[in-house]
Peer 1: 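Sharing a structure, written as structure tokens. Questions coming.
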Amino acid sequence: QVQLVESGGGLVQAGGSLRLSCAASGRTFSSYDMAWFRQAPGKERDFVAAITWSGESTYYADSVKGRFTISRDNAKNTVYLQIASLQPEDTAVYYCAARRSRLGMWYSRNVYNYWGQGTQVTVSS
């Protein structure tokens with residue numbers, strides 16, 4: 001199994017940048033697809049980005065495409081989310097998720113087996 005712990009959230013000004021990290025523990029981390037979701041107050045938990053176990057393919061929600069970059073370092077058992085040009089609407093709790101590698105359904109939170117506790121990102125105007 002995999003345990004996930006997010007970090008790197010905080011309060012930033014609009015237009016700023018932030019790098020979130022997700023540290024994973026457990027065996028065979030490299031065989032898992034990884035993803036980031038976010039949930040704003042009163043909203044559903046939405047897909048943000050995903051990366052395949054090999055790191056060769058990435059997927060992004062339209063709302064973050066061009067500003068967010070997901071990456072992973074399997075040697076460090078860590079997944080990252082680099083965020084540029086932060087906007088107030090990016091304010092949310094960001095969650096890291098993992099699943100055993102499979103095809104498709106990147107955007108669905110129901111296909112991910114493991115979740116972190118989340119890290120708060122707050123963007124001021």
Side-chain angles (χ1 to χ4, degrees):
Q1 62 178 12
V2 176
Q3 292 179 304
L4 307 173
V5 180
E6 303 94 336
S7 63
L11 175 63
V12 297
Q13 293 181 323
S17 299
L18 199 63
R19 189 195 197 196
L20 307 183
S21 297
C22 173
S25 62
R27 295 182 295 107
T28 64
F29 168 78
S30 62
S31 68
Y32 284 77
D33 297 330
M34 305 295 297
W36 288 93
F37 287 73
R38 66 184 181 183
Q39 186 168 21
K43 303 295 184 179
E44 296 182 345
R45 189 173 299 187
D46 293 328
F47 172 76
V48 174
I51 186 167
T52 58
W53 70 270
S54 66
E56 294 183 351
S57 298
T58 57
Y59 307 87
Y60 296 94
D62 289 341
S63 60
V64 305
K65 197 173 300 181
R67 297 190 299 116
F68 288 27
T69 302
I70 187 171
S71 62
R72 67 190 297 164
D73 186 341
N74 289 344
K76 296 181 178 179
N77 290 344
T78 302
V79 177
Y80 305 97
L81 186 68
Q82 183 70 45
I83 310 174
S85 301
L86 277 160
Q87 304 167 9
E89 51 265 38
D90 294 320
T91 295
V93 177
Y94 284 71
Y95 297 91
C96 181
R99 71 175 185 182
R100 291 302 302 268
S101 183
R102 57 169 289 177
L103 295 176
M105 302 295 288
W106 306 103
Y107 52 85
S108 176
R109 61 183 174 87
N110 294 321
V111 304
Y112 292 91
N113 308 108
Y114 305 100
W115 294 85
Q117 292 287 81
T119 184
Q120 177 72 50
V121 173
T122 303
V123 184
S124 61
S125 301

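The first residue of the sequence shown is numbered 1, and numbering continues consecutively from there. Being a predicted model, the structure only gives us computed values, none of them experimental.
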Peer 1: Same cluster or not: Trp36 versus Tyr32, using hydrophobic residues (I, L, V, M, F, W, Y) connected whenever any side-chain heavy atoms lie under 4.5 Å apart?
Peer 2: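 Cluster IDs for Trp36 and Tyr32 match.
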Peer 1: Run Phe47 and Phe37 through side chain to side chain contact (heavy atoms under 4.5 Å, CB included) and show every step you take.
Peer 2: CA-CA 5 Å; Phe47 172 76; Phe37 287 73; 3.7 Å; yes
Peer 1: Minimum heavy-atom separation for Val48 and Phe68, please, with both atom names.
Peer 2: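 In this case the closest contact between Val48 and Phe68 is CG1-CD2, 3.5 Å.
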Peer 1: Would you call Tyr94 and Glu6 a side-chain contact if the rule is heavy atoms closer than 4.5 Å?
Peer 2: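 Of all side-chain heavy-atom pairs linking Glu6 with Tyr94, none is under 4.5 Å.
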Peer 1: Could you pull out the closest heavy-atom pair between Asp33 and Trp53, with the gap in Å?
Peer 2: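 Shortest heavy-atom separation between Asp33 and Trp53 comes out as OD1-N, 2.9 Å.
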Peer 1: Which atom pair, heavy atoms only, marks the closest approach of Gln120 to Ala92?
Peer 2: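 So the two residues come closest at NE2-O, 3.4 Å.
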Peer 1: Might you work through the side chain to side chain contact (heavy atoms under 4.5 Å, CB included) test for Ser31 and Ser101, ending with a clear yes or no?
Peer 2: CA-CA 6 Å; Ser31 68; Ser101 183; 5.7 Å; no
Peer 1: If every non-hydrogen atom of Leu4 is compared with every non-hydrogen atom of Met34, which pair is closest and at what distance?
Peer 2: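 Looks like CD2-CE, 3.8 Å.
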Peer 1: Has Glu56 got more than 12 heavy atoms of other residues, nucleotides or ligands less than 6.0 Å from its CD?
Peer 2: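 No, the 6.0 Å shell around CD holds no more than 12 heavy atoms from other groups.
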Peer 1: For Ser54, give me all partners under side chain to side chain donor-acceptor pair (under 3.5 Å), at least two apart in sequence or on another chain.
Peer 2: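 Testing Ser54 for side chain to side chain donor-acceptor pair (under 3.5 Å), a comparison that skips the adjacent residues, returns Thr52.
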Peer 1: Verify side chain to side chain contact (heavy atoms under 4.5 Å, CB included) between Arg38 and Val64, making sure each step is shown before the conclusion.
Peer 2: CA-CA 11 Å; Arg38 66 184 181 183; Val64 305; 3.9 Å; yes
Peer 1: Pair up each side-chain donor or acceptor in residues 106-118 with any protein partner under 3.5 Å, not counting sequence neighbours, and list the distances.
Peer 2:
{"unit_1": "Ser108", "atom_1": "OG", "unit_2": "Asn110", "atom_2": "N", "d": "3.3"}
{"unit_1": "Tyr112", "atom_1": "OH", "unit_2": "Trp106", "atom_2": "O", "d": "2.9"}
{"unit_1": "Trp115", "atom_1": "NE1", "unit_2": "Tyr112", "atom_2": "O", "d": "3.4"}

Peer 1: Check which hydrophobic residues are tied to Leu11 through side-chain heavy-atom contacts below 4.5 Å, counting indirect links as well, and list them.
Peer 2: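 ILVMFWY cluster around Leu11 holds nothing else.
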Peer 1: Of all heavy-atom pairs between Ala24 and Val2, which one has the smallest distance, and what is that distance?
Peer 2: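 Shortest heavy-atom contact: CB-CG1, 4.0 Å.
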Peer 1: Considering all heavy atoms of both residues, which atom of Ala84 and which atom of Ser17 are nearest to each other, and what is their separation?
Peer 2: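 Shortest heavy-atom contact: CA-OG, 3.8 Å.
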Peer 1: Could you give me the CA-CA distance, side-chain angles and deciding distance for Arg19 and Tyr80, then say whether side chain to side chain contact (heavy atoms under 4.5 Å, CB included) is met?
Peer 2: CA-CA 7 Å; Arg19 189 195 197 196; Tyr80 305 97; 3.5 Å; yes
